[in-house]
Amino acid sequence: MDKTKKYLVTSALPYANGALHLGHLAGAYLPADIYVRYLRGMGCDVAFICGSDEHGAAITIRAKKEGITPQEIIDKYHALNKQTFEQLGISFDHYDRTSAPLHHETAQAFFKKLIEKGGELEERLSEQYFDEAFQQFLADRYIMGECPNCANPEAYGDQCEKCGATLSPMELKNPKSMLSGATPVLRETSHWYFRLDKHGDWLRDWIKTGVLDGQQHHDPSMWKNHVIGQCLSWLNDGEGLQPRSITRDLDWGIPVPMPGAEGKVLYVWFDAPIGYISSTKQWAADNGKNWEDYWKGDNVELIHFIGKDNIVFHCIVFPAMLKAHGDYALPINVPANQFLNFEGRKFSKSKGWGIEQHEYLEEFANFPNKEDALRWALIRNMPENKDADFKWDEFVDFYDKDLADNLGNFINRVLVLTNNYYGGKLPEPRHDAGNILIDVVALNGVLTDYKEAIESFNFRNAAQSLIGISSVGNLYLQEQKPWFWWKENPESQDVKNCLFNCFQIITLISVLCEPFIPYTSARIRRLLNLDDVQSGDLDKIFFSLNNVRFLLSPGHQVGQPEILFAKIHDRNDKSRLEIIERQKAKLKIIMANEATSVVEQPPIIPQPSSPIPLKEEIQYDDFAKMDIRTATITAAERIPKADKLLKLNVDLGFEQRTVVSGIAEHFTPEEVVGQRVLLLANLAPRKLRGVDSQGMILMAENAEGKLSFVQAGEAFGPGLGVK
RNA sequence: GGCGAGGUAGCUCAGCUGGUCAGAGCGUGCGAUUCAUAAUCGCAAGGUCGGGAGUUCAAGCCUCCCUCUCGCUACCA
């Protein structure tokens with residue numbers, strides 16, 4: 001933490017074709033918000049920047065499916081996400097969108113700068129699918145076909161959503177244009193590529209040692225292990241970095257600012273991170289700042305908060321872009337979080353597993369302090385260094401134990417006593433203030449933990465130390481037992497000192513808790529009759545403590561006690577518990593449905609979301625060309641260095657064949673031997689992993705991707721024809 | 001198969017460059033207390049630090065092998 005620096009903190013730009021779930025929040029937005037609020041508290045100059053990522057084919061395709069315009073989609077989700085963040089207290093200084101004209105200009109200027117500079121971009125000719133009916137080239141996502149991996153007939157040109165494989169359009173079987181439905185043809189087109197391959201060497205040094213252009217740019221020991229590990233894994237990959245295509249044929253996005261580039265836009269991955277820059281520009285323009293102060297020069301501390309799926313992009317690709325451009329500062333840290341699971345499984349929108357941010361706000365509408373309750377649960381179990389699991393039971397525990405029993409109860413105890421004894425006025429402590437504050441200053445160990453934890457992005461530790469402070473308060477009360485001495489002597493100076501000191505601790509807590517639970521901070525401040533926490537207050541508090549100054553003065557009037565956190569496990573009021581129970585019940589229903597669907601519909605009738613469309617019509621001759629034979633597997637072994645492949649010996653009755661089959665994930669060699677199968681016997685041989693495969697075993701596949709052998713009746717031996 | 005990150009008390013996790021590193025929180029048991037939201041405070045529980053071997057005077061912390069989990073990646077006619 002350095003007050004002379006300009007901090008620019010970003011959270012990953014959410015893609016504006018859907019809502020965000022709690023995992024996103026815990027991964028990239030909440031940690032950034034905590035960090036930023038802390039920096040503000042310490043009086044640092046910080047800009048917290050984010051915005052919607054609104055380009056890309058996924059949005060246009062979705063629009064087409066739903067019969068609406070891309071603009072309608074992005075407007076909807078931009079508004080939803082922006083508003084939800086606000087409600088949860090994610091305190092962006094500016095939340096922009098990549099459809100903004102300023103962003104288009106900025107991204108185009110970035111591209112042109114790279115062109116002018118030379119050597120960073122190159123134009124390449126390649127063959128791409130072209131839809132003749134619509135007279136346009138097809139973006140990867142506009143091509144659908146059969147996945148070569150799992151035979152899903154609805155794989156996209158860039159990815160199969162069923163098996164998750166990364167694909168290229170050329171790999172698809174039976175490609176179809178999503179525009180016309182026709183089979184596209186190959187035509188030559190040109191695209192621009194970013195020469196990422198030229199940046200590998202300095203990137204490796206930069207990541208490993210933190211040295212950039214011969215100067216120490218950052219301290220690599222401050223980076224998370226898994227971040228550095230993953231980057232080096234990429235950089236040291238045998239192939240090295242490859243040039244990356246940065247333009248696409250699409251009508252939704254930022255036009256490529258080059259003559260003859262009609263119909264081409266910047267690939268969304270290229271324009272999106274530039275959104276950090278354009279969003280900063282807009283913020284600066286709106287607030288009388290100079291945006292360049294936050295992006296250029298040695299005085300910039302750029303920090304990207306992201307999820308681990310974004311590590312390579314933010315640590316390798318974007319820095320390479322920035323360096324290639326030349327004007328910009330590189331990130332000082334990329335504290336990526338891992339993934340948050342939900343009750344033991346991955347979040348899955350299609351299965352209804354998990355809860356989205358806005359859903360939470362809706363379903364917890366009647367839950368007091370819902371924003372901080374959620375923030376706290378996510379912080380206490382944040383996936384900082386390894387995947388974590390969100391559980392409702394833990395949500396309850398963290399809320400009841402930490403916030404209600406420990407923190408809230410401490411404040412309540414002190415307020416009750418003070419109102420009873422002194423009419424809510426802070427009593428006058430003994431005059432040797434130095435002695436009195438010793439108790440508070442003794443917290444210094446905890447305070448140091450708090451600062452160090454936040455500055456090293458260990459927010460769950462920092463949260464623990466916050467609770468540690470109210471624990472100190474509870475312990476102090478317990479030991480001083482002012483209620484006991486008051487009964488002995490209502491004028492007891494010890495009682496006055498004790499409660500006076502307790503208010504010093506509460507004031508401290510009101511400031512320290514602000515990064516984590518800002519709504520609660522404001523409520524505590526109100527109880528204390530103080531204004532909300534302001535920029536720089538954290539710094540002032542530390543200064544006061546170090547110089548043994550009061551945080552709250554004698555005679556100060558505080559408010560009536562008020563329950564800050566009504567416990568969820570409350571024997572008089574089950575309403576909060578019921579909200580939780582409803583959530584848990586929803587999950588049980590999902591699990592029950594899954595269980596019954598397995599039991600009640602035994603083996604057959606797998607209902608694919610949409611039936612597999614029939615392939616193109618063929619003639620008998622086409623079929624007759626295939627020589628399918630009954631056969632028996634006589635031996636099987638795994639192929640080394642391949643997870644999916646088995647090498648099979650197949651008996652055709654009149655000859656033996658060797659066949660390589662991608663079934664190793666479904667069957668062990670042992671259970672496959674003796675299996676009677678159908679073999680496509682006249683398929684041209686092909687080498688797989690160095691083994692000659694002479695034919696192909698026919699398999700049936702169900703909706704879950706499970707495989708089953710196809711065979712003739714028991715009495716039918718090997719070598720028989722199939723027609 | 002390759003690469004990366006992990007496998008530490010019932011649960012969730014801390015443990016920096018090897019020598020008070022065997023810890024914290026929660027749960028559990030016992031005790032104290034009554035100002036408070038059936039809250040608080042204290043004490044206790046003995047986990048071969050995934051398994052095995054090695055380096056060292058000394059190893060969760062270094063090396064090698066094995067194993068499990070997660071992620072990326074290769075093979076998939």
Side-chain angles (χ1 to χ4, degrees), chain A residues 147-151 163-166 171 173 221 224-234 236-239 308-309 311-312 338-339 341 346 380-381 384-389 391 393-394 397-398 400-406 408-421 453 456 458 460-461 464 467-468 470-471 473-484 486-487 495 499 502 561-573 638-646 659-665 680 683-691 693-697:
Chain A
C147 173
N149 194 0
C150 70
C163 68
T166 305
E171 295 177 76
K173 292 182 241 177
S221 73
K224 298 188 182 190
N225 285 340
H226 70 269
V227 172
I228 292 184
Q230 194 174 331
C231 292
L232 293 180
S233 155
W234 258 64
N236 294 331
D237 183 46
E239 304 272 299
K308 70 173 160 185
D309 51 328
I311 289 175
V312 169
Q338 308 252 18
F339 287 154
N341 291 321
K346 287 175 188 164
R380 290 285 269 110
N381 205 177
E384 287 171 335
N385 295 306
K386 58 182 82 167
D387 288 356
D389 197 8
K391 298 191 183 84
D393 284 343
E394 286 188 346
D397 273 356
F398 291 142
D400 277 359
K401 310 283 181 210
D402 290 345
L403 299 180
D405 292 350
N406 195 322
N409 187 40
F410 169 63
I411 293 172
N412 190 243
R413 300 170 80 181
V414 175
L415 276 170
V416 166
L417 291 172
T418 305
N419 273 284
N420 287 346
Y421 298 168
S456 53
N458 294 317
R460 42 200 290 176
N461 284 352
Q464 295 254 31
I467 293 303
S470 62
S471 279
N474 276 318
L475 171 58
Y476 179 64
L477 266 188
Q478 205 64 29
E479 286 177 342
Q480 297 290 317
K481 42 186 175 181
W483 51 87
F484 177 83
W486 164 266
K487 285 172 194 157
V495 174
L499 290 175
C502 284
E562 175 189 313
I563 299 294
L564 280 172
F565 300 97
K567 288 188 69 162
I568 295 170
H569 283 297
D570 183 332
R571 53 177 171 167
N572 298 318
D573 181 357
R638 296 195 69 104
I639 291 187
K641 303 188 180 184
D643 286 351
K644 297 188 183 175
L645 300 183
L646 287 187
V659 174
V660 177
S661 186
I663 58 174
E665 287 184 333
L680 180 56
L683 184 67
R686 171 167 164 154
K687 261 201 170 58
L688 290 170
R689 279 276 164 191
V691 179
S693 179
Q694 305 157 317
M696 178 176 165
I697 308 281

Distance check, [atom1] atoms only: [N] and [M], in whole angstrom units.
| N | M | atom1 | result |
| --- | --- | --- | --- |
| rG47(B) | rG10(B) | C1' | 11 Å |
| rA9(B) | rG15(B) | C1' | 14 Å |
| rG25(B) | rU40(B) | P | 13 Å |
| rG1(B) | rC76(B) | C1' | 14 Å |
| rC65(B) | rU73(B) | P | 25 Å |
| rC49(B) | rG7(B) | P | 13 Å |
| rG54(B) | rC70(B) | C1' | 29 Å |
| rA22(B) | rC61(B) | P | 14 Å |

Suppose we call a contact any N or O donor and acceptor under 3.5 Å apart; does that hold for the side chain of Q478(A) and the base of rU33(B)?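 In this structure, the two groups form no donor-acceptor pair.
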
Distance criterion of 3.5 Å, no angle test: do you see the side chain of D405(A) paired donor-to-acceptor with the base of rA39(B)?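 By the distance-only test, no, there is no pair.
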
I need the [atom1]-[atom2] distance between [X] and [N], as an integer number of Å.
| X | N | atom1 | atom2 | value |
| --- | --- | --- | --- | --- |
| Q480(A) | rA36(B) | CD | P | 18 Å |
| L417(A) | rC35(B) | CG | P | 8 Å |
| D309(A) | rC70(B) | CG | P | 18 Å |
| L477(A) | rG42(B) | CG | C1' | 16 Å |
| Y476(A) | rA36(B) | OH | C1' | 18 Å |
| L683(A) | rC76(B) | CG | P | 13 Å |
| I563(A) | rA36(B) | CD1 | C1' | 8 Å |
| F398(A) | rG25(B) | CZ | P | 14 Å |

Distances under 3.5 Å between protein N/O atoms and the N/O atoms of nucleotides 27-30 of chain B, please, pair by pair.
unit_1	atom_1	unit_2	atom_2	d
rG27(B)	OP1	K401(A)	NZ	3.1

Between [options], spot the one nearest the side chain of [X], thanks.
| X | options | answer |
| --- | --- | --- |
| N412(A) | rA36(B), rA77(B), rU34(B) | rA36(B) |
| R413(A) | rA36(B), rG71(B), rC75(B) | rA36(B) |
| W483(A) | rU33(B), rA77(B), rG42(B) | rU33(B) |
| N409(A) | rG42(B), rG25(B), rA36(B) | rA36(B) |

For rG60(B), glycosidic torsion class - syn if within 90° of 0, otherwise anti: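 You should classify rG60(B) as syn.
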
State the [atom1]-[atom2] distance between [X] and [Y], to the nearest 0.5 angstrom.
| X | Y | atom1 | atom2 | result |
| --- | --- | --- | --- | --- |
| E479(A) | Y476(A) | CD | OH | 9.5 Å |
| N341(A) | D389(A) | CG | CG | 5.5 Å |
| N458(A) | K224(A) | CG | NZ | 7.5 Å |
| L475(A) | F410(A) | CG | CZ | 10.5 Å |

Name the nucleic acid region contacted by [X], choosing base, sugar-phosphate or nothing; use a 4.0 angstrom heavy-atom cut-off, strictly under.
| X | result |
| --- | --- |
| K487(A) | sugar-phosphate |
| F410(A) | nothing |
| L564(A) | base |

Closest-nucleotide mapping onto RNA chain B: is E562(A) or F339(A) further toward the 5' terminus? I mean the 5' end.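 Closest to the 5' end, via its nearest nucleotide, is E562(A).
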
For RNA chain B, whose closest nucleotide is more 5', that of L475(A) or that of F565(A)?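 Per heavy-atom nearest nucleotide, the more 5' residue is F565(A).
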
What heavy-atom pair brings [X] and [Y] nearest, and what distance separates the two atoms?
| X | Y | result |
| --- | --- | --- |
| Q464(A) | R380(A) | NE2-NH1, 3.4 Å |
| W483(A) | R413(A) | CH2-NH2, 3.8 Å |
| V495(A) | P482(A) | CG2-O, 3.6 Å |
| V659(A) | G695(A) | CG1-O, 3.4 Å |
| C231(A) | I311(A) | SG-CG2, 3.9 Å |
| L403(A) | F565(A) | O-CD1, 3.2 Å |

Can you list the stems that include RNA chain B, where a stem is three or more consecutive Watson-Crick or G-U pairs with distances under 3.5 Å?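 RNA chain B forms these stems: B:1-7 with B:67-73, B:10-13 with B:23-26, B:28-32 with B:40-44, B:50-54 with B:62-66.
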
Between the protein and nucleotides 2-13 of chain B, are there any N/O to N/O pairs under 3.5 Å, and if so, what are the atom names and distances?
unit_1	atom_1	unit_2	atom_2	d
rC3(B)	O2'	S233(A)	OG	2.8
rG6(B)	OP1	N225(A)	ND2	3.3
rU12(B)	O2'	R460(A)	NH2	3.2

Given 3.5 Å as the limit, does a donor-acceptor pair link the side chain of N412(A) with the main chain of I563(A), or not? no

Backbone of E394(A) reached by a side-chain donor or acceptor of N381(A) within 3.5 Å: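 Answer holds: no.
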
So, Q338(A) versus K308(A): side-chain donor-acceptor pair below 3.5 Å or not? yes

Qualifying residue for side chain to side chain donor-acceptor pair (under 3.5 Å) with N474(A), from N409(A), D405(A), N406(A): N406(A)

